[in-house]
Amino acid sequence: MIGLSSYAGVMESLMNPDPAEEQQPSSPLANSWSLKQESSQNPTPKCVGGFVLVHAGAGYHSESKAKEYKHVCKRACQRAVDRLKAGALAVEAVAAALVELEDSPFTNAGMGSNLNLSGEIECDASIMDGKSLHYGAVGAISGIKNPVLVANRLLIEAQKGKLSAGRIPPCFLVGRGAHDWAVGHGIPPCPSQKMATKFSLSAYKRNKRKMELAEKMDTGHNPAKKRRQSSENENGSGCLDTVGAIVVDLEGNVAAAVSSGGLAMKHPGRVGQAAHYGCGCWAENACNMNPYSTAVSTSGCGEHLIRTMLARECSAAVQSEDAHQALLEAMQNKFISSPFLASEDRVLGGVIVLRCCRCVEAPPSQNIQGILVEFLWSHTTESMCVGYMSTQDSKAKTHISRLPPGTVPGQCLAIEGGVCRLTSVVE
């Protein structure tokens, strides 16, 4: 476990980065500002649409591919911001960001996903709307280029109410049934062989050779243990690159989504956290019981995230006054030290989190609205790639967060973040 002083150092380095690094937002939550002073710099406030935070997975991001990971995060942020500027709600914008992330050959989601033991691609995805609290998900789905679109369509159809004869509409479909439902609702199929990339195919062949070699070396003393160790090696932190996004829109609505090709060499039919309720993503608008709207998207070892329901745990945690401290404690107590994972040597995962609330203007104004957004990311894996952008920004900012040198992945964590203030003119 890293001491609190180390966390503070990580946060300080993010807020005051090296000039060569991409700059982070400079408005800390503790600092209040004068509307009059802000107006003097920007006499005509622009109408804005919201904020997006995306991740390209918690795992290991090599320096050689850092540029590609950052680029796809920038594109995903831009796609979401374009939708927000066009007046879309948070749930539409978060789906747009996920499509961009799924289409990248560098991410383990949609196109270029990990292959399972049978050499096939099976994907998981889910999406949640904080306004309606509806959720849609697909698990182990094959032959669909963008699984998040199926999850989103399930959410939309569920919002329409009951089916004929009073049947309850599904919110979570798996396998062939999910594929057929998607095609029946106008989502075009895509042959699995077209979804595999040169990188995913070469990784599959390499992993298969390693597994075959491990089996040949098996002396028969404890074959189950050897197969288990081989699987653990192949599913190290480098393979846990699920993608996700969280968004808040102009009205203060939040939404979250997540998509994954799953662990490399997984058993056919395996469904990871990306599809499970409360595990892959969570979004919940503020209400009488919760003063903040919150959104969370996770990444990492699906089995660890499922057994701890990490997305929902983090959402509940950041309702506390100090979001940074609350997330730190949740990651430590509810994840790394969780009694549900007591038998695990390394607990691998990462989260992106935002919470927001309406600002109280000084002096009050009836035609200017403000939303204060706090955003954070934390991970126990070697690294995590994130990007973020508001509709007031000209371009997205990206960052590859890494564990401090000398720390052990799965046994310690990093946490960073920032604050963004959104303003809009109400006509």
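Residue indices begin at 1 and follow the sequence shown.
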Test side-chain contact (heavy atoms from CB on, under 4.5 Å) on Leu413 and Ile336; report intermediate values, then the result.
CA-CA 9 Å; Leu413 63 94; Ile336 294 178; 3.4 Å; yes
Stepwise, does the side-chain hydrogen bond (donor to acceptor under 3.5 Å, both in side chains) test hold for Ser297 with His55?
CA-CA 8 Å; Ser297 181; His55 71 80; 3.3 Å; yes
Kindly indicate, with the supporting measurements, whether the criterion side-chain contact (heavy atoms from CB on, under 4.5 Å) is fulfilled by Phe51 and Leu422.
CA-CA 8 Å; Phe51 175 86; Leu422 305 173; 4.1 Å; yes
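Residues meeting the ring pair (Phe, Tyr, Trp, His ring centres under 6.0 Å) test with Tyr69, sequence neighbours left out: His61. A search for side chain to side chain contact (heavy atoms under 4.5 Å, CB included) contacts involving Ala323 returns Val318, Arg355, Glu374, Leu376, not counting sequence neighbours. Remark: Glu157 engages Arg153, Lys160, Trp181, His185 in a side chain to side chain contact (heavy atoms under 4.5 Å, CB included) (not counting sequence neighbours). Residues meeting the salt bridge (Lys or Arg N to Asp or Glu O under 4.0 Å) test with Asp180, sequence neighbours left out: Arg176. Every ring pair (Phe, Tyr, Trp, His ring centres under 6.0 Å) that Tyr277 has, sequence neighbours left out, goes to Tyr135, Trp282. For Ser202, there are no side-chain hydrogen bond (donor to acceptor under 3.5 Å, both in side chains) partners, not counting sequence neighbours. A search for salt bridge (Lys or Arg N to Asp or Glu O under 4.0 Å) contacts involving Glu303 returns Arg270, not counting sequence neighbours. Applying the side chain to side chain contact (heavy atoms under 4.5 Å, CB included) test to Ser260 and every residue at least two apart in sequence or in another chain returns Asn108, Thr242, Ala274. Residues meeting the salt bridge (Lys or Arg N to Asp or Glu O under 4.0 Å) test with Glu100, sequence neighbours left out: Arg75, Arg79. Remark: Thr298 pairs with Gln273 by the side-chain hydrogen bond (donor to acceptor under 3.5 Å, both in side chains) rule, at least two apart or across chains. Annotation: side chain to side chain contact (heavy atoms under 4.5 Å, CB included) contacts of Ala93 (sequence neighbours excluded): Ala80, Arg83, Leu84, Val247.
Shown here for Ala58 and Ser299, the closest heavy-atom pair between the two residues is N-OG, 2.9 Å. The heavy-atom pair separating Gly300 from Leu305 by the smallest distance is N-CD1, 3.7 Å. When all heavy atoms of Ser192 and Gly143 are compared, the closest pair comes out as OG-N, 3.7 Å. The shortest non-hydrogen separation linking Ala95 to Val148 is O-CG1, 4.2 Å. Looking at every heavy atom in both residues, His399 comes nearest to Trp377 through CD2-CZ2, 3.6 Å.
Contact annotation: the side chain of Lys162 never approaches that of Arg167 to less than 4.5 Å [non-hydrogen atoms, C-beta and beyond]. For the pair Glu122/Lys266, a side-chain contact is recorded, criterion being any heavy-atom separation below 4.5 Å from C-beta on. Side-chain contact between Met111 and Lys145: present, with at least one pair of heavy atoms (C-beta onward) separated by less than 4.5 Å. Contact annotation: the side chain of Asn152 approaches that of Ile156 to within less than 4.5 Å [non-hydrogen atoms, C-beta and beyond]. Using a 4.5 Å cut-off on side-chain heavy atoms (C-beta onward), Lys131 and Val91 make no contact. Inter-residue side-chain proximity for Arg358 and Ile371 is flagged as met; some heavy-atom pair is nearer than 4.5 Å.
Side-chain atoms of Gln159 and Ser132 form a donor-acceptor pair, as typed in the model, at a separation below 3.5 Å. For Gln332 and Ser337, the side-chain atoms include at least one donor-acceptor pair closer than 3.5 Å. In the model, Ser142 has no side-chain atom that pairs as donor or acceptor with a side-chain atom of His179 under 3.5 Å. Between His276 and Ser126, the side chains place no donor N or O within less than 3.5 Å of an acceptor N or O (distance only, hydrogens not considered).
For the atom pair CD of Glu284 and CG of Asp129, the computed distance is 11.5 Å after rounding to the nearest 0.5 Å. Interatomic distance, SG of Cys314 versus CD1 of Ile352, reported as 11.5 Å (0.5 Å rounding). The structure places CG of Leu115 at 10.5 Å from NZ of Lys208, a figure rounded to the nearest 0.5 Å. Expressed to the nearest 0.5 Å, how far CD of Gln78 lies from SG of Cys73 amounts to 13.5 Å.
Within a 6.0 Å sphere centred on NE2 of His134, other residues, nucleotides and ligands contribute more than 12 heavy atoms.
Evaluation of the ring pair (Phe, Tyr, Trp, His ring centres under 6.0 Å) test over residues 91-115, restricted to residues two or more places apart or in two chains, returns none.
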